[in-house]
There are 2 protein chains.
Amino acid sequence: MPLQRRERPAKPATIKDIARSLGVSISTVSRAMRDFPDVNPDTKQAVLDMAKQLDYQPNQVALSLVTRHTHSIGVIVPNLDYFFATAVRGIDEIALEAGYTVLTCQSNESYGREITNTQRLLNSQVDGLIVSLSSATSNVDHMRRLMTRGVPLVLFDRVATDLDATKVVLDNHDGAMQAVNHLFEQGCRRIAYLAGPPSFSISNQRKDGYLAALRQHGLPVNEDLIIHCEFDQAHAYRATEQLLASGQQPDAIFTVSDRLAIGALLALRHRGQRVPEDVALVGFNDEPVASLLTPTLSSVSQPAFEMGKVAAQLFLEQLNSESILPPRTIVLKPVLVVRESSLKRRP
Amino acid sequence: MPLQRRERPAKPATIKDIARSLGVSISTVSRAMRDFPDVNPDTKQAVLDMAKQLDYQPNQVALSLVTRHTHSIGVIVPNLDYFFATAVRGIDEIALEAGYTVLTCQSNESYGREITNTQRLLNSQVDGLIVSLSSATSNVDHMRRLMTRGVPLVLFDRVATDLDATKVVLDNHDGAMQAVNHLFEQGCRRIAYLAGPPSFSISNQRKDGYLAALRQHGLPVNEDLIIHCEFDQAHAYRATEQLLASGQQPDAIFTVSDRLAIGALLALRHRGQRVPEDVALVGFNDEPVASLLTPTLSSVSQPAFEMGKVAAQLFLEQLNSESILPPRTIVLKPVLVVRESSLKRRP
DNA sequence: TTGTATGCGTTATCAG
DNA sequence: CTGATAACGCATACAA
């Protein structure tokens, strides 16, 4: 006895089917469907009825082949953590109301995957790309090629300095300065910086801000208080332990992300250091978890949602322009959110 | 003086361009590109060279129009929180190695958006859909229509009971029982259940497990200890306050998600209730935040990544089958992770 | 081994 | 108001 198997249903109806069963030409159907002026109301109604009856759905692929655009935006992000998930929502928001569909891919912090994703999205004929680079990406020739080919492109957050493209970024320098200034005001003088990988541009911009703030307050720069580590909690934990074990006792740690701050917090706790009494702590990103930690974590807040929205707006602007617009960079301002982890003095 | 404007670059090269500049026919080019057996090695090399020289990229849209499939999978999720972001990574993992691209859309817990997304993805000719339903979705006719049209479909996590489709779900009943059993063993006898909206099937399955566990232990069911609220922290906070104010003092709260558990935890803390001494707490999802709370949160862990992978596998299986496979449901088992918030007794 | 012709579903141009 | 027909970029059956 054969397995229960339902049959494949009939192929989807096309305008051709509508035309045939109505005895009119396909061009008439095409026009009727698209609400053209010069079409007999009766035939139009008949077409619409038949379309409904046959459950007609326009084939976007065929349409794209003709019009050469798909009304879709390719988005490539390194991962879908809180920050990027929020930014993607921002992109989605704007895209949706403009009638665009957002196709999101994760590069998983891999250069190879970023290239694959770029290739695939492009072959799928997305109308352009909004990209945040993977941490492993140092060579941006693949992005450069896009621009050469005239593909609309907007980079956000993780951008390449040596690429002359439209960008949306955070003022990382300023964010770091806010954090360090705050720590200074709290009486901290030996402020450590827990950084990401040395190749990571965002991390370096924040480092510059950190250094600038130290200079501004006449504090010496102690290279031993600047630690680089991979971008996850476990590495931050080890890096912090190392820092404490080295005898370089800091009285504050500023980290390049909340995730690293969490690693640092756990290490501090493990070593019996009180936060903020012994060591104050400030993170970056202001993820929801910040307010749930004990102590609650001070953090530099990024307008992730806004960032996504702006990126999408710039993208659409570029798309709708006749000529290629000269690249520009929008810089958004971060805001320091002070919580318990850095409050040594009550005001 | 006119604005600086670069010109639009030339249109992308097609096989036709290659053919013309080589003086061969397009079919020869087509065959050479795809490594067909019967093509002269010399011409083949010439084609490949020219393709590189012209920076030829195959037009996926045109190809799709012919082959009737796009090698892409549409994914619709209610949001991109930790659970879904992880599940999407799982889908991505499997899809990538099978040569498929994943196009992710968020319904934002909106029924309307879910329909729009379905429509758009379908018109983009994705080869099928992997969907987790929005919380606002009660009518699943749009999914039913997909199935009628023979569109491969896999539902995961948030599925519809009245839809005979292929599904990947968690054994929610079992997860809830594990949680309540554990609380019972810890000496809790007045165990409250903080539920999601009454229409929410996952919430109800967990409720059934909760009730079953109570029965199993001979505990009475107290309807006042079952509270429904919206799916966010703020509502959970209010609901918990209400529960405490009502005089129905529970000695444990089991919540339908970690997010609700956090709301409950904050409310308990605010009311001066100690966790776990006065009220034990167990959440659901085991998000990373669980181990960062104070006290650390016991939670029922879902294999989100695995769930995504299985969903993608079932999807591909369906896609590669000649006939339409009879729908089946894969049930994954949750694991209770015990942490401080529910440990009244040290073993 | 290579070329020709046709079709995928739709829009657009040009005649009726 | 309506109908042919070419075109979009590619694959493929059929010829040569």
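We use all heavy atoms of the structure for the numbers below, so side chains are in, but hydrogens, waters and symmetry mates are not. Labels below follow one simple rule: chain letters A, B, ... track the order of the sequence lines, proteins then strands, and each chain is numbered from 1.
Although no hydrogens or angles enter the test, the distance criterion places a donor-acceptor pair under 3.5 Å between the side chain of A/Thr67 and the main chain of A/Leu63. Remark: side-chain polar atoms of B/Asn320 are not paired, donor with acceptor, to backbone N or O of B/Glu317 under 3.5 angstrom.
The distance from atom NZ of A/Lys44 to atom P of D/dC1 is 11 Å, rounded to the nearest whole Å. Computed from coordinates, the A/Leu54 CG to C/dG9 P distance equals 14 Å when rounded to whole Å. Taking atom CD on A/Gln60 and atom C1' on C/dG9, their separation rounds to 11 Å, with Å as the unit. Between the CG atom of B/Asn59 and the P atom of D/dG9 there is a distance of 7 Å, rounded to whole Å. Between B/His69 atom NE2 and C/dG9 atom P there is a gap of 15 Å when expressed in whole angstrom units. Between the CZ atom of A/Arg68 and the P atom of D/dC8 there is a distance of 8 Å, rounded to whole Å. Going from atom CG of B/Asp38 over to atom C1' of C/dG3 covers 14 Å, rounded to whole Å. Atom-to-atom, CG of A/Leu65 to C1' of D/dC10 comes out at 9 Å; the value is rounded to the nearest Å.
Taking a 4.0 Å limit (strictly below) on heavy-atom distances, residues 15-25 of chain A reaches DNA chain C at A/Ile15, A/Lys16.
Here the rule is side-chain contact (heavy atoms from CB on, under 4.5 Å) with A/Pro78, and of A/Ser135, A/Ser110, A/Ser107 only A/Ser107 fits it. Tested against B/Leu316 for a side-chain contact (heavy atoms from CB on, under 4.5 Å), the candidates B/Asp127, B/Val154, B/Ile94 yield a single pass: B/Ile94.
The existence of a salt bridge linking A/Arg158 and A/Glu109 is confirmed by a sub-4.0 Å separation between a basic side-chain nitrogen and an acidic carboxylate oxygen. A salt bridge between B/Asp157 and B/Lys167 is absent, with no side-chain N of the basic residue lying under 4.0 Å from a carboxylate O of the acidic one. In this structure, B/Arg144 pairs ionically with B/Asp141, as a charged nitrogen and a carboxylate oxygen lie closer than 4.0 Å. Between B/Asp38 and B/Arg31 no salt bridge is recorded (no basic side-chain N to carboxylate O distance below 4.0 Å).
Direction change of the helix axis from one end of the helix from C/dT1-D/dA16 to C/dG16-D/dC1 to the other is 50°, with five pairs defining each end axis (rounded to 10°).
Ring geometry for A/His71 versus A/Tyr100: interplanar angle under 30°, hence parallel rather than tilted (30 to 60°).
Across all their heavy atoms, A/Asn117 and A/Gln106 have their closest contact at ND2-O, 3.0 Å. The heavy-atom pair separating A/Leu153 from A/Ala165 by the smallest distance is CD2-CB, 4.5 Å.
B/Ser64 comes within contact range of no nucleotide atom at all, as no heavy-atom separation falls under 4.0 Å.
Between A/Pro58 and B/Asn40, it is B/Asn40 whose nearest contact on DNA chain C lies nearer the 5' terminus.
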Check: protein-nucleotides 12-16 of chain D nitrogen or oxygen pairs below 3.5 Å:
| from | atom 1 | to | atom 2 | distance (Å) |
| --- | --- | --- | --- | --- |
| D/dT12 | OP2 | B/Arg34 | NH1 | 2.8 |

